[in-house]
There are 2 protein chains.
Amino acid sequence: MAGNARVPRPTAQRLSLYLRELERLGAIEQVTVSSRQLGESVGATDAQVRKDLGIIGHSGMPGIGYQVMALAEAIREVIGVHKQWRAALVGAGNIGRALVAYRSFHEQGFEIVAVFDASPAVVGRTVAQLRVRPMTDLAATVAREGIDIGIVAVPAESAQDVAEDLVAAGVRGILNFAPRLLSVGKRVAMVNVDFRSALENLVHDVSQREIAEIFAAVSKPTVRRRRGRGAA
Amino acid sequence: MAGNARVPRPTAQRLSLYLRELERLGAIEQVTVSSRQLGESVGATDAQVRKDLGIIGHSGMPGIGYQVMALAEAIREVIGVHKQWRAALVGAGNIGRALVAYRSFHEQGFEIVAVFDASPAVVGRTVAQLRVRPMTDLAATVAREGIDIGIVAVPAESAQDVAEDLVAAGVRGILNFAPRLLSVGKRVAMVNVDFRSALENLVHDVSQREIAEIFAAVSKPTVRRRRGRGAA
DNA sequence: GTTTGTGAACCGTTTCACAGCA
DNA sequence: TGCTGTGAAACGGTTCACAAAC
């Protein structure tokens, strides 16, 4: 019932992480969690967790914490994962096939119900029990199967066209694996997953860290001591 | 030469996107870009682009814009992609194999030079010309091959152990595909790619949009008109 | 003692707006 | 005229700190 307040994006992202941890705790039959424990598992502070849960209108019990199961359910509702989402995958290449094979999606509210590819060489082949269909079937299939979201796993050059086809077919959201900004109307939601950017962000971090270490070594040539949080 | 100032994370992420666009423009032999054009291609404002480039200490020419090639090179240097990075992949499952097959990494400063897997059934098999090695070879291989970064593509349950092995072996950064927060020392950089979170963020967006539309329909039952930026 | 809920202070980033240069 | 560079203002999110609840 609580769940129509505006949720800032950073909060929405963390909710997803809280949910994962809550499911883990539920499986272990832990009944309550403190904001502190929940925060630690996802790299957030306790205050942050409380703010986030406040935003979605969920309350805990002072001195006790939050009910694991009830909280998980509340988050699912806010995120929208309480219903099952049906997805169409476009692109049966390496990434596409890996996604279809990712069995756990199904248990988490997502299901890839159709696979498409532009290449005649691939159309008709079977990927994880799904027959790869030609792009010409897209619109009809999206309508018939009640598909909500499209997954774009094609090369950058064709990604924009595919996105437009998906939008025309009526999907409400697109998960884009192509390294290109796709422009779709603002009625359609869009999330990008970009390996190259992820790697570049990583090496940038590594580089900055190296520079920082050289600096530290020069300006403070003693043994460094920092508080807390060491990793085994 | 310019490139040791502190770069805020949001800026670093956009630099990665600018670089892609600059490479595309370079291929088309466009010589200069305006902040406006560059911004549009990645979904940022012109002011944002100028601020970002200012941060990395790169200047353009008033009335003209930025030199495409020079800017690309400057960004590569800041990101750290001017050198070639060597990666070890752990986990030869679906995602792992998709990553190895991702040929374009190589042209972009990254190379997966070794693949590891814990399962004896997989060890010894060949993935894209690389023989899958047992985990016991990890430390020696990382040292011998001069590997900088590790890619974790194993199930959530083993991810933390793998991360610790990688850190012990001496990698400086980890790209994590497992849906779990991995704790490593703060000397090691870490970037997460999480399909489930991405999907959840997407459906959350879709849900919010639906709510917003219902709202709009109720409170303002006229044809909506908003300025700018429509997509074909 | 533990832990929540939250106003207030804080901080980093984005946007604005305009002077200055080509 | 077109576009950059940049202080100053605005914004949004995070952290702090503490009263209230168990």
Side-chain angles (χ1 to χ4, degrees), chain A residues 2-3 5-18 21-22 25 30-68 70-72 74-75 78 201 204-205 208 227-229, chain B residues 2 5-18 21-22 25 30-68 70-71 74-75 78 201 204-205 208 227-229:
Chain A
R6 206 226 145 222
V7 181
R9 191 118 53 93
T11 294
Q13 279 166 207
R14 282 189 300 270
L15 287 175
S16 201
L17 305 180
Y18 300 152
E21 177 67 3
L22 289 165
L25 295 174
Q30 187 175 320
V31 177
T32 61
V33 231
S34 65
S35 54
R36 150 103 76 139
Q37 186 190 354
L38 195 49
E40 264 169 14
S41 73
V42 309
T45 66
D46 55 340
Q48 181 79 77
V49 173
R50 292 197 296 278
K51 266 272 147 75
D52 287 340
L53 301 188
I55 285 168
I56 67 168
H58 191 91
S59 301
M61 303 187 261
I64 309 292
Y66 301 84
Q67 299 286 125
V68 170
L71 179 53
I75 291 178
V78 171
N201 294 163
H204 175 248
D205 260 33
Q208 282 209 159
R227 59 197 175 88
R229 279 190 89 202
Chain B
R6 206 227 144 220
V7 180
R9 191 117 55 91
T11 295
Q13 280 166 207
R14 282 188 300 269
L15 286 175
S16 200
L17 305 180
Y18 300 151
E21 177 68 1
L22 289 165
L25 295 174
Q30 186 173 324
V31 178
T32 62
V33 231
S34 65
S35 54
R36 150 105 72 140
Q37 186 191 355
L38 195 49
E40 264 169 13
S41 74
V42 311
T45 65
D46 54 341
Q48 179 80 267
V49 172
R50 292 197 297 277
K51 265 273 147 72
D52 287 340
L53 301 188
I55 285 169
I56 67 168
H58 191 90
S59 301
M61 302 188 260
I64 308 291
Y66 302 84
Q67 298 286 122
V68 169
L71 179 53
I75 291 178
V78 172
N201 294 163
H204 174 249
D205 261 32
Q208 281 208 160
R227 59 198 176 87
R229 281 188 90 201

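It should be emphasised that the depicted structure is a prediction, and the values quoted were computed from it without experimental measurement. The chains referred to below are lettered A, B, ... by the order of the sequence lines, with proteins before strands, and numbering in each begins at 1.
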The single option from A:L53, A:V49, A:D52 passing side-chain contact (heavy atoms from CB on, under 4.5 Å) against A:S35: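 Only one of A:L53, A:V49, A:D52 forms a side-chain contact (heavy atoms from CB on, under 4.5 Å) with A:S35, namely A:V49.
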Check every strand shown and say whether A:T11 touches a base, only sugar-phosphate, or nothing at a heavy-atom separation below 4.0 Å.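 Since no nucleic acid heavy atom lies under 4.0 Å of A:T11, the category is nothing.
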For B:G60, report the nucleic acid contact type (base, sugar-phosphate, nothing); a contact means any heavy atom under 4.0 Å.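 If one applies the 4.0 Å heavy-atom cut-off, B:G60 turns out to touch the sugar-phosphate alone, with no base involved.
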Between B:I55 and B:P8, which heavy-atom pair has the shortest distance, and what is it?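 Nearest heavy atoms, B:I55 then B:P8: CG2-CD, 4.0 Å.
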Quick check: closest heavy atoms across A:A44 and A:Y18, and the distance to 0.1 Å?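 In this case the closest contact between A:A44 and A:Y18 is CB-OH, 4.3 Å.
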For a 4.5 angstrom cut-off between non-hydrogen side-chain atoms, does [X] reach [Y]?
{"X": "A:N201", "Y": "B:S16", "result": "yes"}
{"X": "A:V31", "Y": "A:V68", "result": "no"}
{"X": "B:Q13", "Y": "B:L17", "result": "no"}

Can you list, in residue-number order, the parts of residues 44-52 of chain A that come under 4.0 Å of DNA chain D, counting heavy atoms only?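 Of all residues in residues 44-52 of chain A, the ones placing a heavy atom under 4.0 Å from DNA chain D are A:T45, A:Q48, A:R50, A:K51.
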Please identify the 5'-most and 3'-most nucleotides of DNA chain C with any atom under 4.0 angstrom from a heavy atom of chain B.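 Nucleotide range in contact with chain B: C:dT13 to C:dA22.
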Just by modelled atom types, is the B:V7 backbone N or O under 3.5 Å from a matching donor or acceptor in the A:Q208 side chain?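 At least one qualifying donor-acceptor pair exists.
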In whole angstrom, give the distance that lies between atom [atom1] of [X] and atom [atom2] of [N].
{"X": "B:Q37", "N": "D:dG2", "atom1": "CD", "atom2": "P", "answer": "16 Å"}
{"X": "A:R36", "N": "D:dT15", "atom1": "CZ", "atom2": "P", "answer": "15 Å"}
{"X": "B:I55", "N": "D:dG7", "atom1": "CD1", "atom2": "C1'", "answer": "14 Å"}
{"X": "B:Y66", "N": "D:dG2", "atom1": "OH", "atom2": "P", "answer": "17 Å"}
{"X": "B:I64", "N": "D:dT4", "atom1": "CD1", "atom2": "P", "answer": "10 Å"}

Could you work out, with side-chain contact (heavy atoms from CB on, under 4.5 Å) as the rule, every residue matching A:Q30, not counting sequence neighbours?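 Listed in chain order: A:L25, A:V33, A:Q37.
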The test is side-chain contact (heavy atoms from CB on, under 4.5 Å); show your working for B:Q67 and B:M61 and say whether it passes. CA-CA 9 Å; B:Q67 298 286 122; B:M61 302 188 260; 3.0 Å; yes
Comparing B:G63 and A:P10 on DNA chain D - which has the more 5′ nearest nucleotide: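 Result: B:G63.
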